[in-house]
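Data first, discussion second: the structure below is written as C-alpha cells.
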Amino acid sequence: MNVASILIATGVVAAVGLLIGIFLGIAGIKFKVETDEREEAVLAALPGNNCGGCGYPGCSGLAAAIVSGQAPVGGCPVGGQKVADVIAEIMGQDAGASVRQVAFVKCHGNCENAKTDYEYVGTKDCRMAVFTPGGGPKSCNAGCMGYGSCVDVCPFDAIHVDRGVAVVDREACKACGKCVDICPKHLIELVPYAAAYAVACASRDKGPQVMKSCQVGCIGCMLCQKNCPKDAVTVEDFLAHIVQEKCVGCGICAQKCPRKSIARLNK
C-alpha cells in the first residue's frame, strides 16, 4: 500500500467521522428532551434507597411522578414528613401532615405457642414452603412459617425471625412495603406507628380448630368487640380486627381477650 492510498483512506475515515458528528449534534438538538429542573431537585431530596415502596421504579421514577403531578409530595414512605416538607417547598405546595406507618406481622404463633404437623426439610423460603401440605408445617395454615422471605427483601434490616416468627423492629422500619408484598400468606400489614394495639392473628378457622393449633390464636369469641367502648373492634369470620381510626388505646380489648391474641405495639 503506497502513501497516497493511506492518505486517501485516512481522509475518508475523517470525513465520515465528521459527518456522523455533525448529524449526531443536529439530532441531539432537534430531539432534546427538556428536563424540568424541579425533577432534579426532588430527586436530590429523596433518600435514594430505590426501595420501590412508593409504587414507582426507584426514586427517579417517583421524582418524575411528583413533578408531573401523578404522585403527592409526600409519596416517599421512607423519607416521611421531613422529606415531604422539602419536596413541598420545591414544588410550591403544602405537604400537609403525614402519618408514619410501620409493618406489623399478624402472628404470634412462635415455637412455644404454635404446634407443627411435620418437619419441613425443603428450601428455607416461605414462597416455596407454602406449596407443601397444609401450606407449611405449622398446624395453623394461616401462621407465619418463619423462613425469612420478608427478611431477605427488607432493605433496612428492620425485620428478623425470632423463634419461628417474623418480628418487626418498629424504629428501623420505613414502611416501604416490601415485606408486605413478599409474604405468601399476607400476614404483614402497615399500621400507624402511633397505633396502640393490633390483633396478632390471621386465622379464620373456627375456635376449636384454632385452640388445637395455637395457644394465642383468635377464636372469635367477640369479648373484645363487646367490651370496646369506642366500637373500634370488629369480629368477622371468627377473627377480630381493630379499626385504628377509632381506637383510643385504652387496652380493654387486650385485657378481655382470653387468648392474648391482641398485641400491644407501643411498649
Given 3.5 Å as the limit, does a donor-acceptor pair link the side chain of Tyr118 with the main chain of Pro133, or not?
yes
Give the cluster check for Met145 versus Leu187: same hydrophobic cluster or not, with ILVMFWY residues linked at side-chain heavy-atom distances below 4.5 Å.
no
When rounded to the nearest 0.5 Å, the distance separating NZ of Lys115 from NZ of Lys212 is 9.0 Å
Over all heavy atoms of both residues, which pair between Phe104 and Ala198 is shortest? Give the atoms and the distance, please.
CE2-CB, 3.5 Å
Hey, is the main chain of Cys59 close enough, under 3.5 Å, to the side chain of Asn50 for a donor-acceptor pair?
yes
Looking at Ala63, is its backbone amide N or carbonyl O close enough to the side chain of Glu39 to form a donor-acceptor pair, meaning the two atoms are under 3.5 Å apart?
no
Show the numbers, then the answer: is there a side-chain contact (heavy atoms from CB on, under 4.5 Å) between Asn49 and Cys176?
CA-CA 10 Å; Asn49 296 95; Cys176 70; over 6 Å; no
Looking only at non-hydrogen atoms, find the nearest pair between Ala84 and Gly74 and report the distance.
CB-CA, 3.7 Å
Ile262 with Val216, same ILVMFWY side-chain cluster at under 4.5 Å
no
Less than 4.5 Å apart, side chain to side chain, heavy atoms only: is that true for Ile182 and Arg127?
yes
In short, Ile87 meets Leu46 closest at the heavy-atom pair CD1-CD2, 3.6 Å
Any donor and acceptor pair, going by atom type alone, linking the side chain of Gln225 with main-chain N or O of Val235 inside 3.5 Å?
yes
Taking atom OH of Tyr197 and atom CG of Leu265, what is their separation to the nearest 0.5 Å?
9.0 Å
Nearest 0.5 angstrom please: Gln93 CD to Asp85 CG, how far?
12.5 Å
Do His241 and Glu236 come close enough that some side-chain heavy atom pair is under 4.5 Å?
no
Dump the intermediate steps for side-chain contact (heavy atoms from CB on, under 4.5 Å) on Ile159 and Val105, then the final yes or no.
CA-CA 10 Å; Ile159 188 166; Val105 181; 4.2 Å; yes
Let me check something: do Val151 and Leu190 share a hydrophobic cluster, defined by ILVMFWY side-chain heavy atoms less than 4.5 Å apart, either directly or through other members?
yes
Hydrophobic clustering (ILVMFWY, side-chain heavy atoms < 4.5 Å, transitive) - are Val161 and Val167 grouped together?
no
Is a side-chain N or O of Lys138 found less than 3.5 angstrom from the main chain of Gly109, in a donor-acceptor match?
yes
Can you tell me how far NZ of Lys256 sits from SG of Cys228, rounded to the nearest 0.5 angstrom?
12.5 Å
In the single-linkage hydrophobic clustering (I, L, V, M, F, W, Y; side-chain heavy atoms under 4.5 Å), do Leu223 and Phe238 co-cluster?
no
Heavy-atom closest pair (Lys185 atom, Cys140 atom, distance to 0.1 Å) is NZ-O, 4.3 Å
State whether the number of non-hydrogen atoms from other residues, nucleotides or ligands found under 6.0 Å of Lys124 atom NZ is greater than 12.
yes
Which heavy atom in Ser203 sits nearest to a heavy atom in Ala142, and how many Å separate them?
CA-CB, 3.8 Å
Closest non-hydrogen atom pair, Leu239 against Cys201
CD1-O, 3.5 Å
Evaluate the side-chain proximity of Val233 to Val243: yes if any heavy-atom separation is below 4.5 Å, no if none is.
no
Test salt bridge (Lys or Arg N to Asp or Glu O under 4.0 Å) applied to Arg264 - qualifying residues, sequence neighbours left out
none
List the steps and the verdict of side-chain contact (heavy atoms from CB on, under 4.5 Å) for Arg163 and Glu112.
CA-CA 8 Å; Arg163 294 176 295 165; Glu112 290 82 17; 3.3 Å; yes
Can you check whether Cys126's main-chain N or O pairs, donor with acceptor, with Ser149's side chain at less than 3.5 Å?
yes
When rounded to the nearest 0.5 Å, the distance separating SG of Cys221 from NZ of Lys226 is 8.0 Å
More than 12 heavy atoms of other residues, nucleotides or ligands under 6.0 Å from CD of Glu89: is that the case?
no
Quick one: does Lys178's side chain have a donor or acceptor within less than 3.5 Å of a partner on Cys51's backbone?
yes
Would you mind reporting whether Val180 and Glu189 have side-chain heavy atoms less than 4.5 Å apart?
no
Value rounded to 0.5 Å, distance of CD1 in Ile66 from SG in Cys54
8.0 Å
Please check this pair: side chain of Arg259 against backbone of Cys218, looking for a donor-acceptor N/O pair closer than 3.5 Å.
no
Decide yes or no on side-chain contact (heavy atoms from CB on, under 4.5 Å) for Met128 and Tyr147, but give the supporting numbers first.
CA-CA 10 Å; Met128 298 294 291; Tyr147 296 130; over 6 Å; no
